[in-house]
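Just follow the structure's listing: the first ligand is 1, and inside any ligand the first atom is 1.
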Amino acid sequence: MNVIPYATQSINEDDIAAVQEVLSSGWLTQGPAGPRFEEAFAQAHGVAHAVAVCNATAGLHIACLALGAGPGKTVWTSPNSFVASANCALYCGADVDFVDIDPLTRNMSVAALQAKLEQAERHGSLPTVVIPVHFSGLPCDLLPMRALADRYGFKLLEDASHGVGASYEGQPIGSRYADASVFSFHPVKIITTGEGGMVTTQDPAIARRLQLLRSHGITRETSEMQQPDTGAWHYEQHSLGFNYRLTDIQSALGYSQLQRLDSFQAARERLADRYDQLLAGLPLKLPARAPSASATAQSSWHLYVVEVVPSPGVADRATVFARLREAGIGVNMHYEPIPLQPYYRGLGFRPGQFPVAEAYAAQALSIPLYPSLTDEQQDYVVAALKKALQA
Ligand SMILES: *Cc1c(COP(=O)(O)O)cnc(C)c1O
């Protein structure tokens with residue numbers, strides 16, 4: 001009886017009307033709703049190009065390809081993420097490795113990244129693409145990451161699946177420091193299209209590569225043709241692409257959801273502030289608010305993650321988790337370190353390689369946070385958590 005989930009979508013009458021309108025419009029896919037959503041998303045994020053895709057996993061795949069990942073190349077990401085952040089590299093035939101996290105932000109540690117780059121430079125094994133993840137919606141420390149990308153010559157690909165609406169140094173995530181950024185519209189995320197995602201970039205050449213990879217590697221642009229025009233039916237396939245398109249039905253839902261991004265964001269910020277106040281003084285480590293001592297950011301508050309720090313008189317995380325589930329609260333855990341998944345152990349990863357991510361995973365707990373969570377429900381979660389923490 002999970003009465004309060006850890007995350008859920010917010011669908012209103014406008015969303016339903018937008019989807020109904022598309023269903024009667026004659027265009028279910030490849031119609032005008034796709035570009036309309038892309039343009040609105042790009043504008044809302046202050047970025048030149050947005051390419052809609054069928055999910056963020058597909059977006060990460062083609063973004064890796066567009067940024068040069070492939071056989072003989074290496075991609076690094078955070079161990080504290082959903083498996084898609086690493087799987088995308090393997091889809092391209094690249095090798096994958098991880099950079100441990102910062103214990104405060106739970107994001108890829110800049111110091112660990114720098115140390116690993118120095119070592120890789122000595123061994124001639126620098127990565128082609130690095131994928132930091134804005135875990136829980138808190139932006140990574142992008143300024144020093146950009147500097148490292150320029151110094152060591154890798155591409156910076158943000159996994160911004162949690163980051164719709166987040167900003168770093170006053171700039172929306174997805175607009176400024178990375179070569180490309182990928183957002184997810186899965187129902188647990190900030191805005192939803194059922195399944196769906198978006199890749200943003202400031203670089204028109206990368207955007208064009210993404211558009212081609214999204215749709216079979218096929219072009220219909222006269223200026224791009226390599227062979228003589230044989231007729232109005234003529235198109236050419238120039239690369240091995242995929243069918244990773246978002247439908248017009250989904251795009252219309254995304255456009256409608258995007259109109260409420262500011263109100264979603266305000267509701268999440270208010271609830272996060274409230275958790276901070278209500279949970280202060282409990283034996284818990286609460287989420288950080290800044291990417292580093294010097295950088296400022298606004299989290300999108302996709303997740304509110306507390307850590308149950310082991311101490312005398314305090315129940316352990318597993319017990320707290322079980323008690324909250326028992327109380328009808330759909331708590332969750334984000335994430336078991338990717339390298340410790342059986343599949344990744346099969347590639348040679350072992351416990352102890354990413355100690356900070358492992359220590360974090362042993363005590364993390366995601367508690368409910370979504371725009372329609374009421375103060376009353378939140379108070380219930382807090383009371384249940386207080387009780388559950390008693391050993
Ligand atoms: C949800 C998520 C993804 C995958 O998104 P889909 O749209 O479900 O493919 C990738 N990375 C992270 C960090 C996520 O949370």
What does the 4.0 Å heavy-atom contact list look like for ligand 1? N55, A56, T57, S81, F82, A84, S85, V133, D159, S161, H162, S184, K189, G196, Y335

Crowded around K155 NZ? As in, over 12 foreign heavy atoms under 6.0 Å? no

With a 6.0 Å cut-off on ring centres, are H61 and Y244 close enough? yes

Sorted by chain and number, sequence neighbours left out, ring pair (Phe, Tyr, Trp, His ring centres under 6.0 Å) with H302 holds for H162

Flag yes if V199 and L240 sit in one hydrophobic cluster, no otherwise; membership is Ile, Leu, Val, Met, Phe, Trp, Tyr, and two members link when side-chain heavy atoms are under 4.5 Å apart. no

Are E169 and R176 within salt-bridge range, i.e. N to O under 4.0 Å? no

Determine whether D203 and R209 satisfy the following criterion, salt bridge (charged side-chain N to carboxylate O under 4.0 Å, His left out), listing intermediate values before the conclusion. CA-CA 10 Å; D203 184 329; R209 248 176 286 159; 5.7 Å; no

